[in-house]
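Not measured: the values here are computed from a predicted model. Computed over heavy atoms, backbone and side chain alike; hydrogens, waters and symmetry mates excluded. Read the numbers this way: they start at 1 and go in the same order the structure lists the ligands and their atoms.
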Amino acid sequence: MNAAVCSACKTKEAFFYRQYSGERLCKKCFTQSIEAKVRATITRYHMLNFDDHLAVAVSGGKDSLSLLHILAKLKRSRPKTNLTAVTVDEGIKGYRDEALDIAATNCKQLDIPHYIVSFKELYGFTLDEMIFRAREKGQTELTACAYCGVLRRKAINAGARQVKADKIATAHTLDDEVQTVLMNIFHGDIARLAKEKPVTTEVHPLFVQKIKPFCEIPEKESALYAYVKKITFQDTPCPYASEALRNDIRGMLNRMEEKHAGTKFTVFKALERLRPALEETAKKEDFKVCVECGEPSALVLCKACELLGHVR
Ligand code: SF4
Ligand code: ZN
């Protein structure tokens, strides 16, 4: 039997079968389809103004580097769009150091400025030091990811402000978004469910708006894009990776997708339709500034400062 032909160009040999759409694509048509999809997402959600300065959150993994390469390509046709890659250095020995080098190499190759914000400089401790101290003080119920997640969100916002970016682009994929939807449902967190969206609308002048141009790209395809484009990325997992519930949900969603192609898109779109109603229901958070650090916070003391209190 002959190898299948690409359903887009009808000439080259297909190497990828997109189960949810039935397309078979050659390498070139596959990468073009990803780039076109990202452009369409950016347009649909009005993510970019023509002269925006974007801080691209680059961890050094496949998703963030695929995003950086696609945005760099996009920039060539939008000369007024500015990009700066921002990497958070949490201070995870043997892991983040490697990622920083990989991120720097990609930025150099793409001629994009690279800015690093470190936990050590911002908070006085690396994540390794925080976890060591928290354990020493008998604080055991919070995982490293619980600290890291909160402190990283704050760091990326600070980094984006430091480089004077208008927006932050993150590489959350369709998989990340749908996992988060289900996690929020399992936690019963309706406020979060309403809040997590392709373009954030948190109202405080100190919050830099976040956009997610990969929210309609399955993680598998973002990885495949990196492979086909021969992008160098970090492949080793974080030594602290421990989000048990997310891992269970990831497994469940992947099994569902395998059996019922298109499941992830269906959940994503269902939430998009539900969101206006959710936003009506969820009470609006009233942001003040944290008494400790002066960053926006719904409470008197922000979550980051509360966590840092455990280790100081
Ligand atoms: Fe931080 Fe956890 Fe991610 Fe490691 S796995 S970088 S600790 S959130
Ligand atoms: Zn604070």
Side-chain angles (χ1 to χ4, degrees), residues 57-65 86-103 116-135 139-159 161 168 170-173 175-177 179-180 183-184 187 192 196 202 204-208 210 219 222 233-251 285-312:
V58 173
S59 66
K62 57 184 173 23
D63 300 326
S64 64
L65 286 169
V86 176
T87 304
V88 178
D89 178 8
E90 306 91 345
I92 304 172
K93 213 168 177 331
Y95 168 68
R96 186 53 76 206
D97 5 2
E98 183 194 62
L100 284 173
D101 286 345
I102 293 172
I116 297 166
V117 255
S118 82
F119 274 19
K120 183 85 182 174
E121 267 174 45
L122 271 182
Y123 309 124
F125 303 98
T126 64
L127 184 68
D128 287 339
E129 289 165 351
M130 287 180 205
I131 301 312
F132 181 78
R133 291 174 74 103
R135 297 292 174 264
Q139 179 63 250
T140 50
E141 68 268 33
L142 288 176
T143 61
C145 296
Y147 285 90
C148 186
V150 170
L151 296 172
R152 208 158 49 152
R153 219 168 304 137
K154 182 167 165 172
I156 197 82
N157 192 61
R161 281 206 321 253
I168 301 168
T170 65
H172 290 97
T173 60
D175 293 61
D176 296 317
E177 291 304 283
Q179 288 159 17
T180 304
M183 281 182 72
N184 287 332
H187 283 144
R192 261 260 164 78
E196 294 284 348
E202 278 163 318
H204 192 285
L206 289 175
F207 276 133
V208 183
K210 282 200 195 122
E219 188 180 320
S222 150
F233 61 84
Q234 189 182 39
D235 211 7
T236 35
C238 173
Y240 292 121
S242 66
E243 276 197 287
L245 178 60
R246 188 177 285 273
N247 286 336
D248 288 344
I249 290 175
R250 177 184 292 120
E285 272 180 312
D286 188 16
F287 284 101
K288 335 174 221 309
V289 288
C290 166
V291 285
E292 190 89 23
C293 68
E295 291 288 321
S297 169
L299 302 169
V300 180
L301 190 68
C302 78
K303 189 78 193 156
C305 288
E306 184 199 322
L307 290 173
L308 286 167
H310 297 168
V311 298
R312 279 196 181 122

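In this structure, the protein non-hydrogen atom closest to atom 1 (Fe) of ligand 1 is Cys148 SG, 2.3 Å. For atom 2 (Fe) of ligand 1, the closest non-hydrogen atom of the protein is Cys145 SG, 2.3 Å. When hydrogens are left out, the protein atom nearest atom 3 (Fe) of ligand 1 is Arg152 NH2, 4.0 Å; that is the closest non-hydrogen contact.
Salt bridge Glu295/Lys154: absent, no basic N to carboxylate O contact under 4.0 Å. Using a 4.0 Å cut-off between a side-chain N of Lys or Arg and a carboxylate O of Asp or Glu, Glu196 and Arg192 qualify as a salt bridge.
At a cut-off of 2.8 Å, Cys238 is not counted among the residues with an N, O or S atom near atom 2 (Fe) of ligand 1.
Contact annotation: the side chain of Glu219 approaches that of Lys62 to within less than 4.5 Å [non-hydrogen atoms, C-beta and beyond].
Tyr95 and Tyr240 have their aromatic ring centers separated by at least 6.0 angstrom.
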